[in-house]
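Worksheet for the structure shown next.
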Amino acid sequence: MPEGPSILIAQQAITPVFKGKKILNASGNAKIEMVEFINEKIIDVRTWGKHLLLCLPTETLRIHFLMFGSYSIDKHIKLDRSLRLKLECKEHDLYFYTCSIKQLPGDINEYYDWKADVLSKAWDPKAARKKLKLIPNEMVCDALLNQEIFAGVGNIIKNEVLYRIFLHPETKIKNLPARKLTELITQAREYSFDFLKWKKEFTLKKHWLAHTKRTCLRCNLPFIKKYCGKTQRRTFFCKNCQLLYK
DNA sequence: CTAAATGTTAAGCC
DNA sequence: GGGCTTAACATTTA
């Protein structure tokens, strides 16, 4: 579930069934004010990075699946205690499990910079470049996970992008040659769309070249597995073919 | 059975 | 407040 492309798949599944539908009833153990949106219409279903957004006339329900969240259309498939929110509409029900749900009052555009979403039409590589220039001392492994810059990128995408562009995860932004910086920004989006395509075909894992891998298929040497950077997330890389710029 | 993981936020501390 | 550490959440897979 968690990375941006998976959220987009959810959005694409939910939209045709629930867009335009009125919420007739709401329940579940999410700590939100459900009376606020009963009898309101879902006017749009959107995403921003890893956020799924149910837009209502006066507020937006922000669903974040964290690590283990899931959803279901029409069938209650999990334990009651993990049911955060059930939305009942005419003929269809929408279930959200183990996720974080927040109500965002007012205009959704006030909350989100759509240009930061790597999967959005509005994605703006120049804006990303500008933000990266402001954090010269950060490592690329941390920068890729920064949702303000690359909304939607998660740890799998991080590892795959860095492998794809032959870049060592601990390279600092300020030491990146201009061309590498461009590649980093371009591939954050490109790989996310590949992830999306493979996820839809149920072949994502098969296409992993770095994430969880033990050997580099390019040079046959063992991969390094290290908890890199300030984010301390699992990072798989090849010391031989992923260059550390200094 | 245990540990680790596709993630984020809040609280606590210096 | 900044910046860092830790805990909390909770499911699935190896």
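Residue numbers begin at 1 in each chain, while the letters A, B, ... track the order of the sequences. Remember, predicted model here, so these are calculated numbers, not experimental data.
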Nearest-angstrom distance from the residue atom [atom1] of [X] to [atom2] of [N]:
X      : N      : atom1 : atom2 : result
A/W208 : C/dA14 : CH2   : P     : 10 Å
A/N29  : C/dC9  : CG    : P     : 12 Å
A/R214 : C/dA14 : CZ    : P     : 14 Å
A/K50  : B/dT6  : NZ    : C1'   : 8 Å

> When you check every protein heavy atom under 4.0 Å of nucleotides 9-14 of chain B, what one-letter string (B, S, -) results, 5' to 3'?
Replying inline: S-----
>> Taking the ring of A/F223 and the ring of A/H211, is the distance between their centroids below 6.0 Å?
In response: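 Ring centres of A/F223 and A/H211 not closer than 6.0 Å.
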>> Counting only side-chain heavy atoms from C-beta out, which of B/dT8, C/dA10, B/dG7 sits nearest to A/F68?
In response: C/dA10
>> Under a 3.5 Å cut-off for both contacts, is B/dT6 paired Watson-Crick or G-U wobble with anything, and if yes, with which nucleotide?
In response: none
> Watson-Crick or G-U wobble partner for C/dA10, using a 3.5 Å limit on both distances?
Replying inline: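 Checking every strand shown, C/dA10 finds no partner, since no pair has both distances under 3.5 Å.
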>> Within the 3.5 Å criterion, strictly below it, is a donor on A/K205 or A/T212 matched to an acceptor on the partner's side chain?
In response: no
> Just checking, A/R62 and A/Y111: is the charged tip under 6.0 Å from the six-membered ring centre and within 45° of the axis?
Replying inline: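 No - A/R62 does not lie over the ring of A/Y111 by the 6.0 Å and 45° rule.
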> Between A/Y112 and A/W114, what is the ring plane arrangement, given parallel below 30°, perpendicular above 60°, and tilted in between?
Replying inline: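 Aromatic pair A/Y112/A/W114 classed tilted.
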> Would you call A/R46 and A/D117 a salt bridge, using N to O less than 4.0 angstrom?
Replying inline: no
> Do A/L145 and A/I185 belong together in a cluster built from hydrophobic side chains that touch within less than 4.5 Å?
Replying inline: no
